[in-house]
Protein chains: 2
Amino acid sequence: MKFIEVEDDLYRYIASQTESIGESASAILRRLLELPPLGEIRVEPSLTADHNLAATVVASPVVSAIKDELAEIKQELVQQPTQQPIQQLCQSSDEFNSLVEHPQVLEQKASIGRFLMILSLLYRQQPQQFANVLNVSGRDRLYFAKDEDTLLASGPSSKPKQIESTPYWVVTNSNNGMKCRILRKALLAMDCSGDVADQIIEQI
Amino acid sequence: MKFIEVEDDLYRYIASQTESIGESASAILRRLLELPPLGEIRVEPSLTADHNLAATVVASPVVSAIKDELAEIKQELVQQPTQQPIQQLCQSSDEFNSLVEHPQVLEQKASIGRFLMILSLLYRQQPQQFANVLNVSGRDRLYFAKDEDTLLASGPSSKPKQIESTPYWVVTNSNNGMKCRILRKALLAMDCSGDVADQIIEQI
DNA sequence: GATATGATCGTAGGGATACTTT
DNA sequence: ACAAAGTATCCCTACGATCATA
């Protein structure tokens, strides 16, 4: 992972292009630059940026559609330039997918950090759906709750921790296998597909 | 200035789009994204569609005309209230300043992490100047070296650690006060001003 | 003394292992 | 009896305050 310095207004511009909640800078830039979403970009120094963009060439019939869109844009400009667009709701599957190889997860040194970060991002993406995790529990221990004491009451040595930037707490004293099982249950409770859940817990 | 994280291949792609020597990431991105070179970009969420439009445009004469029109619209959206002079001062002082409240430093949980991250960023910014830190040492212990054994030889319990993404190692077994003193010496050795150095070590 | 430096060692977090239950 | 899942003890490491030394 690298980082690059950008001027403040450029930063805000990039941030404003976020299409799904919690989207990383890389994902946004890849979309804006029309680059492949994953894997190795083959750097071809002899080509200019325009060439690369032109690589995804579209046939001319599209042009008239583009013109129409242009007209719409102008219309909007004239009418209500400050109007907020309706937040485009993207499907859950995309949101779950964004948790695979998420930079904020990858940068955690320990598995407990990745575990907590994934949960935090999950909440950020779907705060209301996240409540479903309250139904996820073990044999005689709760795994999730909205306060520390509830968890301690059901399992005194569960080492509850608050999930950053959320009102939820989660059990922490477990090996990695158990972390995966807990996380998987939580993901399924939020209607994540089994396949994607498996990819996500792979990161633990 | 802000910092954004990008994946390695994306970073290389952006770097490969450099058109003039020493060009900043911002300048490259502005060109690639067809944004104005300077000043405040007014973020206009209702027009997010226009980028996708531009991205799907083909490299044909008709389309380039449309592109021009698009560029004009974008220009309209841009405010340049104060024609700021080009901030070409990107010299050392700026580079040191960027280490103050740096996001990658702030996200570290422990002081040792912040300590190591600052050093890592320092190296990234000035790899050759960084060699000066080899002159920074304690009474009878070395603080920096290019390998573990050299440090261990001068202080067997110094717990040397490699500074991430650099060929340098640094002593780790010290309290926070000592970490600050070591870091300050290192900064000064690299010609950082005392004031800025103080701000930087404040983060430890 | 007072200050700077070195390194021991107490503490807490993390998670493998061992134990328990189904 | 065996396997698999769940629980929690407890070992290990890292951090860094504190104590020892110059």
Side-chain angles (χ1 to χ4, degrees), chain A residues 105-120 133 135-145 148 150-164 169-189 194 197-198 201-204, chain B residues 105 107-120 133 135-145 148 150-164 169-186 188-189 197 201-204:
Chain A
V105 175
L106 294 174
E107 84 198 358
Q108 299 296 319
K109 305 196 217 323
S111 66
I112 185 63
R114 294 186 287 276
F115 178 73
L116 291 169
M117 181 57 73
I118 290 171
L119 290 169
S120 179
V133 303
N135 299 321
V136 175
S137 64
R139 186 179 60 230
D140 41 31
R141 221 171 38 159
L142 289 175
Y143 289 156
F144 294 90
E148 181 174 17
T150 305
L151 290 182
L152 282 175
S154 77
S157 63
S158 63
K159 301 280 178 65
K161 280 210 178 115
Q162 184 158 22
I163 303 168
E164 195 184 292
W169 291 66
V170 64
V171 140
T172 267
N173 184 7
S174 61
N175 57 36
N176 290 349
M178 181 58 65
K179 287 195 194 85
C180 288
R181 262 169 272 144
I182 293 173
L183 188 53
R184 196 170 195 285
K185 283 188 186 183
L187 286 163
L188 295 182
D198 286 335
I201 67 177
E202 189 74 21
Q203 300 171 97
I204 298 294
Chain B
V105 175
E107 85 196 358
Q108 299 296 319
K109 306 196 216 322
S111 66
I112 186 64
R114 295 186 286 276
F115 179 73
L116 290 169
M117 182 58 74
I118 291 171
L119 290 169
S120 179
V133 302
N135 299 322
V136 175
S137 63
R139 185 181 58 233
D140 42 30
R141 219 170 43 155
L142 289 176
Y143 289 155
F144 294 90
E148 181 175 17
T150 305
L151 290 181
L152 282 175
S154 77
S157 63
S158 62
K159 299 282 176 63
K161 280 211 177 112
Q162 184 157 23
I163 304 167
E164 196 184 292
W169 291 67
V170 65
V171 141
T172 267
N173 184 8
S174 61
N175 58 34
N176 291 349
M178 181 57 66
K179 286 194 194 83
C180 288
R181 263 170 272 142
I182 293 174
L183 189 52
R184 194 169 198 286
K185 283 188 186 184
L188 295 182
I201 66 176
E202 190 74 22
Q203 300 172 94
I204 297 293

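Bear in mind the structure is a predicted one, so any value in this text is a computation, not a measurement. Letters go in sequence order (proteins before strands), and every chain restarts at 1.
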Check whether any side-chain heavy atom of B:Pro160 sits under 4.5 Å from a side-chain heavy atom of B:Leu152, and report yes or no.
yes

Applying a 4.0 Å non-hydrogen cut-off, can you work out what B:Tyr143 is touching in the nucleic acid: base, sugar-phosphate, or nothing?
sugar-phosphate

Between B:Asn176 and B:Ser111, is there a side-chain donor-acceptor contact under 3.5 Å, judged purely by atom types and distance?
yes

Is A:Arg181 close enough to D:dA5 that one of its side-chain N or O atoms is under 4.0 Å from OP1 or OP2 there?
no

Rounded to the Å, how far apart are [X] [atom1] and [N] [atom2]?
| X | N | atom1 | atom2 | value |
| --- | --- | --- | --- | --- |
| B:Met178 | D:dA20 | CE | C1' | 13 Å |
| A:Leu151 | D:dG6 | CG | P | 16 Å |
| B:Leu152 | C:dA7 | CG | P | 11 Å |
| B:Arg184 | C:dA4 | CZ | C1' | 15 Å |
| B:Gln162 | D:dA14 | CD | P | 15 Å |

Side-chain donor/acceptor of [X] to backbone N/O of [Y], under 3.5 Å:
| X | Y | value |
| --- | --- | --- |
| A:Arg114 | A:Ile204 | yes |
| A:Lys179 | A:Ser174 | yes |
| A:Ser120 | A:Glu164 | yes |
| B:Asn173 | B:Lys159 | no |

In Å and rounded to the nearest 0.5 Å, what is the NZ to CG distance from A:Lys185 to A:Leu183?
12.0 Å

Distance check, rounded to the nearest 0.5 Å: B:Phe115 atom CZ versus B:Ile163 atom CD1?
7.5 Å

For nucleotides 9-22 of chain C, give me one character per nucleotide, 5' to 3': B if any protein heavy atom sits under 4.0 Å from the base, S if the only such contacts are to the sugar-phosphate, - if neither.
-----SBBB---SS

Five pairs per end, C1' atoms only: what is the angle between the end axes of the helix from C:dT3-D:dA22 to C:dT22-D:dA3, to 10 degrees?
20°

